[in-house]
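Quick note: numbers below take in every heavy atom, side chains included, and nothing from hydrogens, waters or symmetry partners. Keep in mind the model is a prediction, meaning the values are calculated, not measured.
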Amino acid sequence: VIPMGPYILLNRVGAGGFGEVYRAIHISQLFVRDPIFVAIKTILPHLLDSSSHLEKPSTPTKKRTPDEEKVALEQQKEREKRAKVTAESFFKRFKLEAALLWELDHPNIVKLISYEFNWDPPYIVMEFIDGESLDRILERYPDGMSPVEALATLEGGLTAIAFVHGQDPTIIHKDLKPSNLMIRTNKEMVVMDFGIANRQGDDRLTSMNDGVFEPVGSPHYMAIERIQEPELQLAASDQFSLGAILFEMVTGKPSFSSGSDLYNGKLPKVMEVKPELGRFGEVIDRMRSHNYEDRFESVAAAHEALKQALA
């Protein structure tokens, strides 16, 4: 057990490139018969340390001249500046995640309880979801779920993302994947991990390197425009990710197996893998369209089309 403010970390339940998540308990709950557990997310300490982002200078092969030393010193200062900006960007991302969760009150979105940015490392406290992640559930369906079961399972996720996109300005999740979708014991889906989400039009956190835009997310569920034009912030990119998840849910196979398939727009179609799915498969394929303009006008519209396909 590890103390963290008024909480005690019990065990790690998740980890990613930016942080770790622990099951925890508030000290006031220690001697309660049925204690309430929480989830605490911490940012990895080295990400906040600018020295860990510092590029190593090349070793000179000969003694430098005074002018070369001056240039080398200026280059070192520039490297230190970039490293500081990168560390600050990670902290800003972490604070933005808390701010977004504070705003988003929806039964299918994980709830924020509190946060502490002055602790080392800083952390946010969320409700603990008693359930199982979708990626674990899909391991039990090597040939895929039925369309009815797939839609029933993803229903809460579709509703939650439609709600998120309906905010003003629109909020884009940008990292929808099975491991970020939890299923409660009552079968309700909860959308997790808003760590790289941001508001449409706010490009300050789309880049990790002071104006240099880089794709951030999970490649197997990432729309092509997120890779080719990472500065774009489109709700349609989340729709693609949901379509990729649905493809995997009904076929038992990943939406695409190689980056070249995604780049070339040669994604396998549901109708090629399981033609018996008919209109339901066609809706999923449209959600995964290579060109974002060919997708549905919104996740809400895609959700409605999926329901109509099963009507």
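- Ring planes of Y115 and W102: perpendicular class, angle over 60° (limits at 30 and 60°).
- At least one donor-acceptor pair closer than 3.5 Å links the side chain of S241 to the backbone N or O of S237.
- I40 CD1 to E116 CD: the interatomic distance, rounded to the nearest 0.5 Å, is 11.0 Å.
- Minimum heavy-atom separation, A160 to N108: CB-O, 3.6 Å.
- One finds a salt bridge joining D193 and K41 here, because a Lys/Arg side-chain nitrogen approaches an Asp/Glu carboxylate oxygen to under 4.0 Å.
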**Trace of the salt bridge (charged side-chain N to carboxylate O under 4.0 Å, His left out) decision for E225 with R295** = CA-CA 13 Å; E225 66 272 7; R295 298 170 203 156; 2.8 Å; yes
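- In this structure a side-chain-to-backbone donor-acceptor pair under 3.5 Å is missing from Q200 to T170.
- Note that CD1 of I129 and CD of E188 are 10.0 Å apart. Values are rounded to the nearest 0.5 Å.
- In this structure, V21 and A39 approach most closely via the heavy-atom pair CG1-CB, 4.1 Å.
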**Request:** Go through the steps to decide whether L306 and L154 satisfy the test side chain to side chain contact (heavy atoms under 4.5 Å, CB included), and finish with yes or no.
**Result:** CA-CA 11 Å; L306 289 165; L154 196 62; 6.0 Å; no
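- Under the 4.5 Å side-chain heavy-atom criterion for ILVMFWY residues, no single connected hydrophobic cluster contains both L310 and M271.
- Linking Ile, Leu, Val, Met, Phe, Trp and Tyr whenever their side-chain heavy atoms come within less than 4.5 Å leaves V38 and V190 in two separate clusters.
- Q29 contributes no side-chain N or O that, together with a main-chain N or O of P35, makes up a donor-acceptor pair within less than 3.5 Å.
- The backbone N or O of P268 lies less than 3.5 Å from a partner atom in the side chain of R288, making a donor-acceptor pair.
- For I36, the CD1 atom is loosely surrounded, since the number of other residues' heavy atoms within 6.0 Å does not exceed 12.
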**Message:** Between L30 and I8, does the side chain to side chain contact (heavy atoms under 4.5 Å, CB included) criterion hold? Intermediate values first, please.
**Reply:** CA-CA 9 Å; L30 283 175; I8 295 176; 4.0 Å; yes
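- At least one side-chain heavy atom of L100 sits less than 4.5 Å from a side-chain heavy atom of R199.
- The shortest side-chain heavy-atom distance between Y7 and Y123 falls under the 4.5 Å cut-off.
- Atom CE of residue M189 and atom CD1 of residue I137 lie 7.0 Å apart, to the nearest 0.5 angstrom.
- Q233 contributes no side-chain N or O that, together with a main-chain N or O of N198, makes up a donor-acceptor pair within less than 3.5 Å.
- No side-chain heavy atom of L232 sits less than 4.5 Å from a side-chain heavy atom of R226.
- In this structure the side chain of N186 reaches within 4.5 angstrom of the side chain of R184, judged on heavy atoms.
- Side-chain atoms of R23 do not come within 3.5 Å of backbone N or O of F37 as any donor-acceptor pair.
- For the atom pair CG (N180) and CG (L134), the distance works out to 10.5 Å, reported to the nearest 0.5 Å.
- Partners of R286 under the side-chain hydrogen bond (donor to acceptor under 3.5 Å, both in side chains) rule, at least two apart in sequence or in another chain, do not exist in this structure.
- Between the side chain of H173 and the backbone N or O of M192, at least one donor-acceptor pair lies under 3.5 Å.
- Annotation: side chain of S298 is not in contact with side chain of H303 (no heavy-atom distance under 4.5 Å).
- A continuous path of ILVMFWY side-chain contacts below 4.5 Å connects V148 to L158, so both sit in one hydrophobic cluster.
- Looking only at side-chain heavy atoms (C-beta outward), H290 and L267 stay at 4.5 Å or farther from each other.
- Closest of all the heavy-atom pairs between L234 and I172 is N-CD1, 3.4 Å.
- Hydrophobic clustering (side-chain heavy atoms under 4.5 Å, transitive across Ile, Leu, Val, Met, Phe, Trp, Tyr) keeps V125 apart from M182.
- Heavy atoms only, all atoms of each residue included: F240 and S289 are closest at CD1-O, 4.0 Å.
- L277 and P147 get closest at one heavy-atom pair: CD2-CG, 3.4 Å.
- In this structure a side-chain-to-backbone donor-acceptor pair under 3.5 Å is missing from K95 to F117.
- From L112, atom CG reaches atom CG of D105 across 11.0 Å, with rounding to the nearest 0.5 Å.
- Under the 4.5 Å side-chain criterion, counting only non-hydrogen atoms from C-beta, L104 is in contact with Q167.
- For K187, the NZ atom counts as loosely surrounded, since its 6.0 Å shell holds 12 or fewer non-hydrogen atoms of other residues, nucleotides or ligands.
- In this structure the side chain of F94 reaches within 4.5 angstrom of the side chain of I124, judged on heavy atoms.
- Residues F247 and S255 come closest through the heavy atom pair CD2-CA, 3.5 Å.
- Both M145 and L181 sit in one connected hydrophobic cluster of ILVMFWY residues. Membership requires side-chain heavy atoms under 4.5 Å apart, directly or through other members.
- To the nearest 0.5 Å, atoms NZ (K307) and CG (L151) are separated by 8.0 Å.
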**Request:** Check step by step if side chain to side chain contact (heavy atoms under 4.5 Å, CB included) holds for F90 and L44.
**Result:** CA-CA 10 Å; F90 278 111; L44 296 176; over 6 Å; no
**Message:** Between E248 and Y221, does the side chain to side chain contact (heavy atoms under 4.5 Å, CB included) criterion hold? Intermediate values first, please.
**Reply:** CA-CA 10 Å; E248 190 171 344; Y221 304 93; 2.6 Å; yes
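- No more than 12 heavy atoms of other residues, nucleotides or ligands sit less than 6.0 Å from atom CD of E297.
- A donor-acceptor pair is defined here as one N or O able to donate and one able to accept, closer than 3.5 Å; such a pair exists between the side chain of D238 and the backbone of K174.
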